Amino acid sequence: MNTIDLTQLNPEQKKAVCTTNKPVLLLAGAGSGKTRVITYRIAYLISKGVDPKSILALTFTNKAAKEMAERVRHLLKGKTKGITVTTFHSLCVRILRKYIHLLGYQRDFVIFDTTNQQATIKTIYEDEGLDPKVYNPKAVYYEIMKVKGEGKGPEQFLDQKLDPFAQTTGFIFKEYNKTLKGCNAVDFEDILFLTFKLIKRFPDELATLKIQYEYIMVDEYQDTNRVQYKLVMYLAAHYQKICVVGDDDQSIYGWRGADIRNIHDFKKDFPETETIKLEQNYRSTNTILSAANAVIANNENRMAKDLWTEGNKGEKIDWIVENTPKEELTEVVSRMRAYKYSRGVLWSEFAFLYRSNFQSRAIEEQLRNDGIPYQLIGGTKFFDRKEIQDCIAYMRFFHNLKDEVSLLRVINYPRRDLGKNTIMALTKTRIERNLSLFEMMEQADNIESLKARAKKSIQSFVNLVYSYQKRIIEEPFWEVFKDFFTQIDMKGEIEKQEKNEKLRENKVTNYYEFLNTLYLYGDRRKGEGSSANLIDFLDYVSLFTDSDKHDETVDQVSLFTVHSAKGLEFNYVAIVGMNEGQFPNQRSLDESHQTGDYNAEEERRLFYVALTRAKKVLTLSMSKTRMLYGELKYNMPSRFIEEIDQSLLRSPDFIESDPLEAERERMSARGRFFDKFK
């Protein structure tokens, strides 16, 4: 058995690694080496003779799980067989593949992504004659997903008898669930929701799960929602040898269901808990940490910790204030260019962070104009692009002929004379005969209302499906689909549909990249000694996240929303748009005033996360004015800037003619702060 060298760990890290027989709450500040602790803890357990099969490490992204597994493999010199290092969703998919038949699904279910989910809701609107202008489909979708994340169903809305929006949402929720089940499909929230439903309804059948993992580690525990929390409680209840790692100061996903109570109440859930704080930071300069500590100290609802470093003091934080957003970005990019060429560093060491997605357009434009290479993370994901979604829809349908959402997407793409009237006739008759849409297509010759030409086109499509379904069973799926997409001339259809030359070229490039992804996936799985089948690939696509897309090997500036940048670090970071109402976000401030909740505190946590992405040089910037809905608006600096010790900032000189003089008189407190920069 390998002996693990713990001399590389600081005292608190070592304590966290070696405390294994009781619940542990590891409060790990930004850049404090939490991944190192988790991996050393796993290796330490195995070095002490613990069966690898009894160890479970859960995280949130495929990228984090892969990195963790590779580090453990390195520490144990490759002897890691049997350890489960995975994401919540991947673990639950494994459980569902084994037990979902108990809930009336087939084990070969498919996972609907956001595009398919919203298409399903759109179909319900059309079938039920609902007006999307009265009840916004996207708003309904997000409400449904939020409630699912809390482990609740349609009754959460239907019980609100006097609320028309809630009643309509509850009805759509029921129909949505019914449609998914009819397609033998689950959505992203269902993966967790249905797993917990299985545990509650079939405790005897799933009893082995409760004793399968003796040692459990959960990363980013502050980001768990209530369903994930309940799953963790269930899995850890028997042995209680659980270590949760997190930082309530970095809890920034409340809007998608993350519940900060999970980490705050951990000691109540496990009274024998030992709390260990990791406060030594190995990432940022002392100046950056001083700013971050000062800002986050203003949150009342937090578990106190104070980051420190043995590293150097570092440079002052650049604080850039310009008249317009254009001038702001020009100055920030100019500083970036100066740092790059004076210090001989790579563009990949730079990152732009911003509060909201809309801000990326102006940054992209500035970088393009200056000839600086960049990659945008958090925009449209590769697998969400239309040309890729069309390919994936074919793959989902070939895997599951009941998947009517995917079938309706591709039934006439590329065009094959199956227009709206034909599809309406098929749909009407299949409802009357209680058949799936494809089953109805197989019997299309018996539909009198269909013309001979339509019947011929339907039969041709059915024969195409038959021939390739047979090949998928016998041949590598990536080779079959490469041939299939060539036969139906997917590339030609993309070129025909897109009139813009530049966009057409990009879409064809994306299509070829998708074919390459298919091949590389199969090749990688073979290299790992496992088979690569179609359902595994579809799961991989459905569980793909923004952070999986970030390529650290290319020499490009990275552009992120702060939410997308969590878990990453860069030597040079610029946080732009640091004006009140933009960061913090005005909507969050308004909601905080209306409801008395902690949205403002979450905004501050978000800024804390942004600050602590920077390792060496941090730039903050704002513009004094901006155009909003066609009107010139004057900006105030973000309240977060005021919370930073001004001695840490390399401040600008304001221009002599200050257009905010009158505003400062009316808002004296803010005005006094603004005066610091005169």
Side-chain angles (χ1 to χ4, degrees), residues 30-31 59-64 87-89 113-114 138 141-142 145-146 149 188-189 219-225 228 246-260 262-263 283 292 295-296 299 351-364 374-384 543-552 557-570 573-579 581-589 591-592 597-614 618 620 638 640:
T59 186
F60 276 81
T61 67
N62 298 316
K63 184 177 181 181
T87 65
F88 274 97
H89 285 86
D113 58 18
T114 302
K138 279 198 173 181
Y141 163 76
Y142 285 117
M145 293 306 114
K146 182 180 177 182
F188 204 62
E189 296 298 341
D219 193 15
E220 306 288 9
Y221 191 64
Q222 78 281 347
D223 293 336
T224 52
N225 63 24
Q228 288 164 326
D247 180 6
D248 60 329
D249 288 338
Q250 296 186 73
S251 179
I252 60 174
Y253 296 114
W255 53 276
R256 70 179 189 196
D259 196 330
I260 200 168
N262 297 347
I263 192 167
R283 176 188 298 159
V295 169
I296 201 63
N299 272 4
F352 267 99
L353 303 186
Y354 38 89
R355 173 60 180 85
S356 304
N357 270 311
F358 77 87
Q359 294 172 261
S360 67
R361 185 199 60 77
I363 301 170
E364 286 188 85
Y374 68 89
Q375 57 177 328
L376 173 66
I377 311 298
T380 302
K381 291 191 292 189
F382 176 73
F383 291 121
D384 284 347
L543 300 178
F544 186 88
T545 64
D546 284 340
S547 62
D548 298 323
K549 181 181 170 185
H550 181 235
D551 188 348
E552 298 167 353
V557 176
S558 295
L559 277 58
F560 299 91
T561 63
V562 183
H563 285 103
S564 298
K566 189 166 179 289
L568 300 174
E569 57 185 40
F570 298 87
V573 169
I575 309 171
V576 298
M578 287 305 305
N579 44 270
Q582 193 154 295
F583 202 171
N585 176 277
Q586 189 61 48
R587 184 192 297 176
S588 296
L589 297 178
E591 289 176 357
S592 292
D597 61 20
Y598 303 115
N599 285 344
E601 292 212 344
E602 180 155 320
E603 286 291 301
R604 186 174 282 107
R605 293 195 294 268
L606 190 61
F607 183 54
Y608 174 81
V609 167
L611 292 173
T612 54
R613 298 312 94 198
L618 176 63
L620 306 174
S638 166
F640 302 145

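Since we're looking at a predicted model, the values are computed, not measured.
Not counting sequence neighbours, Arg613 has no partner by the salt bridge (Lys or Arg N to Asp or Glu O under 4.0 Å) test. By the ring pair (Phe, Tyr, Trp, His ring centres under 6.0 Å) test, Phe88 is found to be paired with Phe60, residues two or more places apart in sequence or in another chain being considered.
Distance alone, capped at 3.5 Å, is enough to place a donor-acceptor pair between the Gln359 side chain and the Ser356 backbone. In terms of modelled atom types and a separation under 3.5 Å, the side chain of Arg283 and the main chain of Thr612 share a donor-acceptor contact. A donor-acceptor pair under 3.5 Å is absent between the side-chain atoms of Arg355 and the main chain of Gln582, judged by distance alone. Between the side chain of Ser638 and the backbone N or O of Phe583, at least one donor-acceptor pair lies under 3.5 Å. Without hydrogens or angle criteria, Asn225 side chain to Gly257 main chain gives no donor-acceptor distance under 3.5 Å.
A salt bridge does not link Glu364 to Arg361: none of the charged nitrogens lies less than 4.0 Å from a carboxylate oxygen.
The shortest non-hydrogen separation linking Tyr221 to Thr224 is O-OG1, 2.8 Å. Between Leu559 and Ser360, the shortest heavy-atom distance links the atoms CD2-O, 4.4 Å. Closest approach of Ala292 to Leu611, counting heavy atoms only: CA-CD1, 3.7 Å. When every heavy atom of Asp247 is checked against every heavy atom of Ala30, the shortest pair comes out as OD2-N, 3.8 Å. The nearest pair of heavy atoms linking Asp248 to Arg605 is O-CD, 3.0 Å.
The side-chain heavy atoms of Phe560 and Leu568, taken from C-beta on, include a pair separated by under 4.5 Å. The side-chain heavy atoms of Val573 and Leu353, taken from C-beta on, include a pair separated by under 4.5 Å. Counting only heavy atoms from C-beta outward, the side chains of Thr114 and Tyr141 approach each other to under 4.5 Å. Between Phe640 and Glu603 the shortest side-chain heavy-atom distance falls below 4.5 Å.
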> Between Glu601 and Arg604, is a salt bridge (Lys or Arg N to Asp or Glu O under 4.0 Å) present by the stated rule, with each step listed?
Replying inline: CA-CA 5 Å; Glu601 292 212 344; Arg604 186 174 282 107; 5.4 Å; no
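Rounding to the nearest 0.5 Å places NZ of Lys63 at 15.0 Å from OG1 of Thr87. Note that CD of Glu189 is 12.0 Å distant from NZ of Lys146, once rounded to the nearest 0.5 Å. The CG atom of Asp223 sits 9.5 Å away from atom CD1 of Ile260, with the distance rounded to the nearest 0.5 Å. In this structure, CG in Asn357 is found 7.5 Å from CG in Leu376, a value given to the nearest 0.5 Å. Rounding to the nearest 0.5 Å places NE2 of His89 at 12.5 Å from OG1 of Thr61. Gln222 CD to Ile263 CD1: the interatomic distance, rounded to the nearest 0.5 Å, is 5.5 Å.
Paired with His563 under the rule ring pair (Phe, Tyr, Trp, His ring centres under 6.0 Å), one option of Tyr354, Tyr253, Phe607 passes, and it is Tyr253.
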